[in-house]
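Working notes for the structure below.
In listed order, ligands and their atoms are each counted from 1.
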Amino acid sequence: MLRAIYPGSFDPVTYGHMDIIERSRKIVDELIVGVLCNKAKMPLFSAEERVKMLEEVTKEFRNVRIVPFNGLLVDFAAGMKADLIIRGLRAITDFEYELQMSQTNHKLEPNVETMFLTTSIEYSYLSSTTVREIAAFGGDLTQFVPEAVAVELRKKMSTKGECKK
Ligand code: PNS
């Protein structure tokens, strides 16, 4: 039984994240998408909202669970009895941060390995940050996030008074 954690902020989940979820769930028996709650910067969506959106867009995937976490990733991984941490690499610019994070995690917990999947080329430019910006200015989100997420983004931006449409 191979269990992996795919951790992140998912603020919000994009097609780039979905690509990693869909591919990694085929490699492992169980995939736990770990949603970080205690981010230093203020997220646009609360942890509950991010979890709900992820649950909605992964509801067809039987071996995927969405679990929020606080604190260190390795403690979360140990608590979940996970064998692996999975991260997506979009471009060389991701590499330095990801390398540092995986090596730090390995020092903290040598029993948990980090595995990298390179993001499919059509999503290599995509990030939650750019999606939030497009949403803030009323841009078309259909290529970037599932419709359920686009709906939540439009709602959020209209309550913040930043939606131009
Ligand atoms: O989607 P993100 O923001 O790139 O995800 C970053 C995340 C959540 C994987 C990372 O910030 C994390 O693991 N945070 C938990 C705190 C921790 O374990 N830090 C030590 C590792 S360097």
**OP:** Quick one: sort the Tyr15 and Tyr123 rings into parallel, tilted or perpendicular, breaks at 30° and 60°.
**Re:**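 Tilted.
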
What part of [X] sits under 4.0 Å from ligand 1 if we count only heavy atoms: the side chain, the backbone, both or neither?
{"X": "Leu73", "answer": "both"}
{"X": "Tyr6", "answer": "neither"}
{"X": "Arg87", "answer": "side chain"}

**OP:** Would you check whether Phe76 reaches within less than 4.0 Å of ligand 1, judged by its heavy atoms?
**Re:**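 No heavy atom of Phe76 comes that close to ligand 1.
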
Original post:
Around Glu133, counting heavy atoms of other residues, nucleotides and ligands shown, do more than 12 lie under 6.0 Å from its CD?
Top reply: no

For [X] versus [Y], what's the shortest heavy-atom pair and its separation?
{"X": "Pro43", "Y": "Arg50", "answer": "CG-NH2, 3.7 Å"}
{"X": "Pro12", "Y": "His17", "answer": "O-CE1, 3.7 Å"}
{"X": "Arg90", "Y": "Ser124", "answer": "CB-O, 3.5 Å"}

Contacting atoms of ligand 1, where contact means under 4.0 angstrom from a heavy atom of [X]:
{"X": "Tyr97", "result": "6 (C), 11 (O)"}
{"X": "Leu36", "result": "8 (C), 14 (N), 15 (C)"}
{"X": "Asn105", "result": "21 (C)"}

Original post:
Just by modelled atom types, is the Val112 backbone N or O under 3.5 Å from a matching donor or acceptor in the Asn105 side chain?
Top reply: no

**OP:** Counting heavy atoms only, name the option from Ser128, Gly71, Ser9, Cys37 that's nearest to atom 2 (P) of ligand 1.
**Re:**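 Checking each option, the heavy atom nearest atom 2 (P) of ligand 1 is found in Ser9.
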
